[in-house]
Amino acid sequence: MTENRQLTPYDHIGEEAAILSLVERFYFYMDTLPEAAGIRAMHAADLSAAHDKLFKFLSGWLGGPDLFVQEYGHPRLRQRHFPFAIDAAARDQWMLCMTKALDEVSMAANFRENLSQALQQLATHMINQSE
């Protein structure tokens with residue numbers, strides 16, 4: 001018997017492999033773009049822990065396995081990011097890296113745009129400092 005279920009964003013993006021690729025490219029840009037130096041400085045020298053957490057978060061956030069919650073509990077993103085001074089410039093740097101990474105993952109253009117808008121809203125929600 002075939003199961004009838006709605007496809008999730010996790011399915012549309014290409015599941016685990018696509019999310020791993022997205023996160024890999026995101027941190028590549030964060031680590032190499034001079035324009036992202038501000039947010040890069042907020043991270044540890046070794047990005048592997050951040051890479052792992054973002055992958056696990058995105059997996060669940062996009063409707064796939066809820067790996068972050070299983071390991072760390074509720075994301076509480078603003079609370080977890082509160083130790084960092086995040087302003088609109090930091091948000092824009094984060095989105096620059098994410099937009100470049102999204103452009104490298106194969107997906108429908110309308111899905112990419114919707115995902116980018118959702119990530120922009122999420123990144124804006126992290127702002128805890130005025131400029």
Side-chain angles (χ1 to χ4, degrees):
M1 187 181 296
T2 304
E3 196 178 305
N4 286 334
R5 72 172 182 88
Q6 289 286 92
L7 292 178
T8 65
Y10 180 83
D11 299 314
H12 285 286
I13 198 171
E15 301 178 341
E16 181 178 330
I19 295 172
L20 281 170
S21 177
L22 175 67
V23 171
E24 181 65 35
R25 299 309 297 160
F26 170 79
Y27 283 111
F28 167 79
Y29 286 119
M30 181 190 289
D31 206 29
T32 60
L33 289 176
E35 304 95 321
I39 59 165
R40 178 60 181 96
M42 294 180 195
H43 291 75
D46 180 355
L47 291 170
S48 59
H51 182 287
D52 184 59
K53 285 180 179 177
L54 182 58
F55 164 73
K56 289 176 179 176
F57 170 75
L58 288 175
S59 176
W61 187 71
L62 291 169
D66 219 352
L67 304 172
F68 189 94
V69 171
Q70 291 169 9
E71 188 167 340
Y72 302 105
H74 190 283
R76 296 186 306 274
L77 291 180
R78 269 187 67 81
Q79 180 181 358
R80 291 181 194 270
H81 288 82
F82 199 72
F84 306 98
I86 301 172
D87 58 13
R91 184 241 0 243
D92 294 347
Q93 290 174 33
W94 192 91
M95 280 304 301
L96 171 67
C97 298
M98 186 55 75
T99 299
K100 287 184 163 297
L102 283 169
D103 286 344
E104 294 185 23
V105 176
S106 179
M107 66 185 89
N110 64 333
F111 178 74
R112 176 181 288 105
E113 180 60 31
N114 291 338
L115 180 55
S116 180
Q117 288 177 4
L119 287 164
Q120 175 77 31
Q121 290 173 348
L122 186 64
T124 297
H125 182 66
M126 296 301 106
I127 294 174
N128 59 26
Q129 304 283 313
S130 55
E131 293 185 56

According to salt bridge (Lys or Arg N to Asp or Glu O under 4.0 Å), who are the partners of Arg40, at least two apart in sequence or on a separate chain? Asp31
Give a yes or no answer on whether the side chain of Arg91 reaches the backbone of Ile127 with a donor-acceptor pair at less than 3.5 Å. no
Nearest 0.5 Å, what's the CD-OG1 distance between Glu104 and Thr99? 11.5 Å
All heavy atoms of Phe55 vs all of Glu16, minimum pair found to be CZ-CG, 3.6 Å
For the pair Asp87 (side chain) and Gln129 (backbone), establish whether a donor and an acceptor sit closer than 3.5 Å, ignoring hydrogens and angles. no
Is it the case that Arg78 places NZ or CZ above or below the six-membered ring of Phe82, under 6.0 angstrom from the centre and within 45 degrees of the axis? no
Treating Asp103 as the side-chain partner and Lys100 as the backbone partner, does any N or O pair qualify as donor plus acceptor under 3.5 Å? no
The reported gap from OH in Tyr27 to OG1 in Thr32 (rounded to nearest 0.5 angstrom) is 13.5 Å
Those residues that, when tested against Asp52, pass salt bridge (Lys or Arg N to Asp or Glu O under 4.0 Å) (two or more places apart): Lys56
For Met126 and Leu77 the tightest heavy-atom approach is CE-CB, 3.4 Å
Val105 reachable from Leu54 in the ILVMFWY side-chain graph, under 4.5 Å edges: yes
In terms of side-chain heavy atoms, does Glu113 have a donor or acceptor partner in Gln117 at a distance below 3.5 Å? yes
Any side-chain heavy atom of Leu58 sitting closer than 4.5 Å to one from Ile13? no
Looking at residues at least two apart in the chain, or sitting in another chain, which of them share a ring-ring contact (aromatic ring centres under 6.0 Å, His included) with His12? Phe111
Looking at Ser59 and Pro65, would you say the former's side chain and the latter's main chain have a donor-acceptor pair under 3.5 Å? yes
Going by side-chain hydrogen bond (donor to acceptor under 3.5 Å, both in side chains), name the residues that satisfy it together with Ser116, two or more places apart in sequence or in a different chain. none
Locate the shortest heavy-atom distance separating His81 from Asn128; write the atom from each residue and the value. O-ND2, 3.5 Å
Looking at CH2 of Trp61 and CG of Leu115, how far apart are the two atoms once the value is rounded to the nearest 0.5 Å? 5.5 Å
Rounded distance [0.5 Å steps], CG in Leu96 versus CD in Gln93: 8.0 Å
Should Leu33 and Met95 be counted in the same cluster of Ile, Leu, Val, Met, Phe, Trp and Tyr side chains packed under 4.5 Å apart? no
Assigning hydrophobic clusters by single linkage (Ile, Leu, Val, Met, Phe, Trp, Tyr; side-chain heavy-atom cutoff under 4.5 Å), is Phe28 placed with Phe26? no
Just list the side-chain donor-acceptor pairs under 3.5 Å for residues 41-48, sequence neighbours left out, or say none.
unit_1: His43; atom_1: ND1; unit_2: Ile39; atom_2: O; d: 2.7
unit_1: Asp46; atom_1: OD1; unit_2: Ser48; atom_2: N; d: 2.9
unit_1: Asp46; atom_1: OD1; unit_2: Ser48; atom_2: OG; d: 2.9
unit_1: Asp46; atom_1: OD2; unit_2: Ser48; atom_2: OG; d: 3.2

Single-linkage hydrophobic cluster, 4.5 Å side-chain cutoff, Leu20 and Leu22 together: yes
With sequence neighbours excluded, tell me which residues meet ring-ring contact (aromatic ring centres under 6.0 Å, His included) with Phe68. Tyr72
I need the Leu119 CG to Leu62 CG distance, nearest 0.5 Å. 7.5 Å
